[in-house]
Each structure stands twice: as C-alpha cells, then as structure tokens.
Protein chains: 2
Amino acid sequence: MLYSKSAEYAIQAMIYLAETNSPEPVMISQIAKAYNIPQQFLAKIAQTLVKHRLLVAIRGRNGGVKLARPANEIYLNQIVYAVDGPPPEQEQCVIGLDYCSDTAPCPLHHRWKIIREDIREMLVAEDLADLALRVLEKRKIMNEP
Amino acid sequence: MLYSKSAEYAIQAMIYLAETNSPEPVMISQIAKAYNIPQQFLAKIAQTLVKHRLLVAIRGRNGGVKLARPANEIYLNQIVYAVDGPPPEQEQCVIGLDYCSDTAPCPLHHRWKIIREDIREMLVAEDLADLALRVLEKRKIMNEP
DNA sequence: GATATTTAAGACTTAACAGGCTTTAATTAT
DNA sequence: ATAATTAAAGCCTGTTAAGTCTTAAATATC
Ligand code: SF4
Ligand code: SF4
C-alpha cells in the first residue's frame, strides 16, 4: 500500500534489532524466524540495507547484522527509500491524468494532496526507537490475559 | 497506490462517460482513444464493470457502453471495489504485524488510522458527476493559453 | 590449517499484474 | 437473409514483484 513487501520486511527486521538492542550482531535466520519472514528473502533485503548504511553485517561464525547507528536516528522513510528506491520526482495525479496541473484542481486533488502529505510526514517523523519501545510494551500487555 | 492500474483506467473511462453524458452508448474504442488506454485491456475492464452493474453494454452496430445510472449516483469506491475486489475484512497493520490490536498502539497506529480513514472518505465522498464537471472545467482552462 | 558458521552475490523460479490477439456471440442496418 | 459492427470470452505474451537455490567469501574456533 505505502511501500513494497520488501520494505515492510525491512521495517520489521529493523524493529526487531531495535527491540533486542544487542551490541552483538543478530543472525538473519533469527530475525526471520521471530517475525516470520522468508529467510533467504530477508537475507537479500539485508544486503541492500547494508549497502545503504542502515545495517552493518558481520560474517562468519557469531556473525549477523546490527543497526548502523542508534535506533533513534533511524527513520522509517530512510528504510523505505533504501529498499524501494527514491519516490517519483513528479507528484502523481490520483486518477492518472497527464494533462493536469494545480490550476482549477478537481475535487480529489485537495484531498489527495493532504493525504499524501500526511503519509510523507508519518514516514519522516517516526523513528525506530519509538516503534520498538511501543511494540515491546504491546507485546507485554498481550501476554497478560 | 490506492488502487490497481485497472481501477484507474476504470475511473478514467467512467469520467469520460460522465463528461460526454450522451444518451447513446459510447464505443470502448472511442473511450480508449480519448484517455489513451490500451483498448483491449479497457474492453476487459468494461466487462467487469458491466457485471457489477456500473455500466450497461449494448452490442452490435451503434453499440457501446453507457453508465448504468446517473453520474451523481456513482461513487469512486464503487468503481474501485468492482474492479479490485472488496477491501480486506480485517484492518491491516501498517507494518504488517499480526499480533497487534488497538490496545496500546504503536505511534504509527494513530497516524495510519487517520490516513486510512481519509482515503476511505475520499473514495466514498466523490461522485462521478462532480469529477467530470471539474475535469471539463480544467480542460477548458488549459486550452486557453 | 581445517572446519563450521554466517553473510554476499547472483542465477533461477513462481506468481501476479498488465496488456494483446483471436474467435465467438449478439445486434442492427441494409 | 446478409453483412457489418460491436462487446464477450478465452487464451497468449511480457513485465515486475516475491521468493528460492546455489556457490563464494569472510571469520571464529579448534
Ligand atoms: S486536479 Fe484532479 S485530475 Fe488534475 S492532477 Fe489533481 S487530482 Fe489529478
Ligand atoms: S499498534 Fe502499530 S504495530 Fe500494532 S497494529 Fe497498529 S500500527 Fe500495527
């Protein structure tokens, strides 16, 4: 919806890393298992996250991946951008017309403009540390019936 | 983004029909040409719109398709629903977690909930007649340099 | 150094979406 | 009746996203 499946997996994986907050690297296989992500697929996604300096990878025994910087300095849009590539230069018309501009917009235009901005704002504002904290809290609550 | 390419074409085609507002049926080929939609593809989309009672088709010479009811009684969500199928029953978590509910939501949850609601509202509120009117106006403006 | 373990890299497979082609059925004008 | 015209229907092709497999490279441990 907002981003690809790959980006979703990437966010989940990085939340997991922020949750555990271990100074030691964490194995891809462990992350994959915890969040139920296809392991090999996650491995490949991790590669691109490493290339984009969001993760660092340590290979060999006791290897794994860890966050490249503190969780509170990593924002969602950075992850999405890294995995899905840069967003399109020109803003897209909701109904795919090509001859339109901002003069005399159709009723959809105002609405869509606001929504698009909200989405952007959401991805820019939220950082991993916050998310991980909240997910942890939530997990605690749900384990107490 | 919000809907498939097919749904986008469907919306464009139905706007065209609302624009021309002809009591006579309009040929698929004509619509396809006007909005630069692959004709055969649009033909197939039209079929599903007919099945969902948004269009009626008249075949044979002088045939074509027309809106099944007045344009101001057709809303975007009906078109999207018809082409892309019903939206998922359970509301989706933005980051794809499956163990979450509304108790102690993560920071994304509030934001996303609002955005999702705005999108839904946009699709529910806008009807074809409005859109067609605005697109017509816009075309007029853009033709006067 | 040998070995086990872990990510890196790239080829490969599968599935879904977008689009095209061709034939068939329905309708109307002649 | 017949020919022309139009949507309906089914199958084929290309593209992209999602997922799998195989081999190579790096590293810790013995
Ligand atoms: S005014 Fe409407 S049709 Fe034009 S670009 Fe904006 S959303 Fe699209
Ligand atoms: S609280 Fe956050 S993680 Fe849970 S369902 Fe809502 S958006 Fe998803």
Side-chain angles (χ1 to χ4, degrees), chain A residues 1-14 16-17 22-68 80 82-85 88 96, chain B residues 1-14 16-17 22-68 80 82-85 88 96:
Chain A
M1 181 64 166
L2 268 55
Y3 32 67
S4 69
K5 199 76 185 166
S6 299
E8 187 178 299
Y9 288 153
I11 293 172
Q12 292 177 348
M14 296 196 66
Y16 182 84
L17 289 172
S22 146
E24 308 303 320
V26 177
M27 283 189 294
I28 302 278
S29 58
Q30 184 181 336
I31 306 174
K33 203 188 226 169
Y35 272 67
N36 211 30
I37 304 171
Q39 177 172 342
Q40 309 280 8
F41 194 33
L42 179 56
K44 202 176 308 183
I45 295 168
Q47 287 177 33
T48 80
L49 291 175
V50 169
K51 275 198 202 106
H52 283 80
R53 319 277 164 144
L54 290 171
L55 294 180
V56 289
I58 294 94
R59 34 181 163 182
R61 182 177 289 189
N62 297 333
V65 293
K66 52 183 187 179
L67 299 180
V80 174
V83 175
D84 287 347
Chain B
M1 182 61 166
L2 267 57
Y3 32 68
S4 69
K5 199 76 185 167
S6 299
E8 188 178 298
Y9 288 153
I11 294 172
Q12 292 177 349
M14 297 196 66
Y16 182 83
L17 289 172
S22 147
E24 308 303 321
V26 177
M27 285 190 292
I28 302 279
S29 57
Q30 184 182 336
I31 305 175
K33 204 189 227 169
Y35 271 67
N36 210 30
I37 304 171
Q39 176 173 343
Q40 311 281 4
F41 194 32
L42 179 57
K44 205 172 308 182
I45 295 168
Q47 286 177 34
T48 81
L49 291 175
V50 169
K51 275 198 202 105
H52 283 81
R53 319 277 162 143
L54 290 170
L55 293 182
V56 290
I58 295 95
R59 31 182 166 183
R61 182 176 288 189
N62 297 333
V65 293
K66 53 183 186 178
L67 298 179
V80 173
V83 175
D84 287 347

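In what follows, chains are A, B, ... by sequence order, proteins preceding strands, each numbered from 1. Treat the numbers as computed from the prediction; the structure is a model and nothing was measured.
- Residues Ala68(A) and Arg53(A) come closest through the heavy atom pair CB-O, 3.3 Å.
- The CG atom of Leu42(A) sits 14 Å away from the C1' atom of dA8(C) (whole-angstrom rounding).
- The footprint of chain B on DNA chain D, defined by a heavy-atom cutoff below 4.0 Å, extends from dA4(D) to dC11(D).
- Side-chain contact between Leu55(B) and Met14(B): present, with at least one pair of heavy atoms (C-beta onward) separated by less than 4.5 Å.
- The CD1 atom of Ile11(A) sits 4.0 Å away from atom OH of Tyr3(A), with the distance rounded to the nearest 0.5 Å.
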- Query: Going through the checks in order, is the side chain to side chain contact (heavy atoms under 4.5 Å, CB included) test met by Val65(B) and Ile58(B)?
  - Reply: CA-CA 6 Å; Val65(B) 293; Ile58(B) 295 95; over 6 Å; no
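- Across the protein-nucleic acid pair, Gln47(A) atom CD and dA11(C) atom C1' stand 13 Å apart, rounded to whole Å.
- For the pair Tyr3(B) OH and dC17(C) C1', the interatomic distance rounds to 17 Å; values are reported in whole Å.
- For the atom pair CD1 of Ile28(A) and NZ of Lys33(A), the computed distance is 14.5 Å after rounding to the nearest 0.5 Å.
- Here salt bridge (charged side-chain N to carboxylate O under 4.0 Å, His left out) pairs that include residues 2-12 of chain A, with residues two or more places apart or in two chains, are Lys5(A)-Glu8(A).
- Atoms NZ and OG, from Lys66(B) and Ser22(B) in turn, are 8.0 Å apart once rounded to the nearest 0.5 Å.
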- Item | Protein proximity profile, nucleotides 20-30 of chain C - base contact B, sugar-phosphate-only contact S, no contact -, cut-off 4.0 Å on heavy atoms | BBB--BBBSS-
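- Residue Ser29(B) is classed as having no contact, given no heavy-atom separation below 4.0 Å to the nucleic acid.
- The structure places OH of Tyr16(B) at 10.5 Å from CD1 of Ile37(B), a figure rounded to the nearest 0.5 Å.
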